[in-house]
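Small disclaimer: the values here were computed from a predicted structure and weren't measured. In what follows, residues are counted from 1 in the order of the sequence shown.
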Amino acid sequence: MRMLPIIKFIHNHKDFLYYYFLSKFIGKPKKLLDVGCGSTSPISKINRNFYSVGFDLFVPSINKSKKANIHNKYVKGNILKINDYFKDNSYDCVIALDVIEHFTKKDGNAF
């Protein structure tokens with residue numbers, strides 16, 4: 001099967017493009033909240049000139065992320081009750097990557 005040059009380029013550079021566009025989407029925040037940060041947040045692969053907080057429920061993931069020094073601070077908590085943990089407007093950027101697929105449809109809609 002012959003790939004068009006642009007499709008081949010995208011296929012061969014998909015990781016680079018993902019992190020490039022993630023970096024562009026995030027912009028230049030002073031404070032970033034990574035909701036459902038897990039053990040290997042994608043922000044670990046971008047230039048991090050900002051203060052970041054990792055938020056997750058699973059302690060082993062938080063511990064692994066701490067060892068990798070991905071975030072400046074960590075908060076253990078339930079994503080569905082996130083408003084109980086943080087004040088409004090306390091972050092310039094909030095991301096929730098690779099999170100929604102872990103919810104039931106009802107919880108995903110609530111989130």
Side-chain angles (χ1 to χ4, degrees):
M1 179 172 160
R2 184 172 172 265
M3 280 196 221
L4 295 173
I6 189 69
I7 301 299
K8 186 174 181 179
F9 176 84
I10 291 170
H11 175 75
N12 292 338
H13 298 87
K14 61 185 174 281
D15 288 343
F16 168 79
L17 291 171
Y18 174 78
Y19 296 115
Y20 172 80
F21 285 112
L22 176 61
S23 180
K24 292 298 179 190
F25 171 76
I26 288 172
K28 297 182 187 288
K30 291 180 182 171
K31 288 179 69 179
L32 177 136
L33 176 62
D34 187 355
V35 178
C37 65
S39 59
T40 57
S41 171
I43 72 156
S44 67
K45 303 222 175 158
I46 65 171
N47 189 1
R48 292 177 281 159
N49 294 324
F50 49 81
Y51 180 87
S52 68
V53 174
F55 181 74
D56 207 292
L57 183 61
F58 194 55
V59 173
S61 290
I62 290 173
N63 290 338
K64 188 174 179 183
S65 183
K66 278 182 182 178
K67 283 183 183 177
N69 200 32
I70 297 173
H71 298 287
N72 301 96
K73 178 181 173 185
Y74 292 87
V75 176
K76 178 189 177 287
N78 184 339
I79 289 174
L80 295 176
K81 297 180 181 181
I82 195 165
N83 292 331
D84 296 342
Y85 298 90
F86 305 101
K87 295 178 183 177
D88 288 348
N89 301 312
S90 53
Y91 291 88
D92 301 313
C93 181
V94 178
I95 59 172
L97 307 170
D98 302 317
V99 170
I100 196 78
E101 67 271 17
H102 298 284
F103 292 132
T104 63
K105 185 172 183 174
K106 179 183 174 190
D107 287 345
N109 286 333
F111 178 66

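Atoms CG and OG1, on Leu80 and Thr104 in that order, are 8.0 Å from each other to the nearest 0.5 Å. Atom CG in Asn47 sits 10.5 Å away from atom CD1 in Ile26 (nearest 0.5 Å). A distance of 8.0 Å separates OG of Ser41 from CD1 of Ile46, quoted to the nearest 0.5 Å. Going from atom OH of Tyr85 over to atom CD1 of Ile79 covers 10.0 Å, rounded to the nearest 0.5 Å.
The shortest heavy-atom contact between Pro42 and Asp98 is CG-OD2, 4.4 Å. Contact detail for Gly36 and Asp56: the closest heavy-atom pair is C-OD2, 3.4 Å.
The aromatic rings of Phe55 and Phe86 sit perpendicular to each other, their planes meeting at more than 60°, with 30° as the lower class boundary.
Counting heavy atoms from C-beta outward, Ile43 and Phe50 have side chains that approach closer than 4.5 Å.
For the side chain to side chain donor-acceptor pair (under 3.5 Å) condition, the pairs that include at least one residue of residues 62-79, sequence neighbours left out, are Asp34-His71, Ser52-His71, Ser65-Tyr74.
Connection of Leu33 to Leu22 is not established within any shared hydrophobic cluster, with ILVMFWY side chains joined at heavy-atom distances below 4.5 Å, either directly or through further cluster members. In the hydrophobic clustering of this structure, Leu32 groups with Phe25; members are Ile, Leu, Val, Met, Phe, Trp, Tyr whose side-chain heavy atoms approach within less than 4.5 Å, directly or through other members. Linking ILVMFWY residues whenever their side-chain heavy atoms come closer than 4.5 Å, directly or via other members, leaves Tyr51 and Ile70 in distinct clusters. Note on Ile100: it clusters hydrophobically with Ile82, by side-chain heavy-atom contacts below 4.5 Å among ILVMFWY residues.
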Exercise answer: donor-acceptor pairs, residues 13-20 side-chain atoms, under 3.5 Å, sequence neighbours excluded:
unit_1, atom_1, unit_2, atom_2, d
His13, ND1, Phe9, O, 2.8
Lys14, NZ, His11, O, 3.4

Please output the side-chain donor-acceptor pairs of residues 89-97 that fall under 3.5 Å, not counting sequence neighbours, one pair per line with the distance.
unit_1, atom_1, unit_2, atom_2, d
Ser90, OG, Lys87, O, 2.7
Asp92, OD2, Lys30, N, 2.6
Asp92, OD2, Lys31, N, 3.0

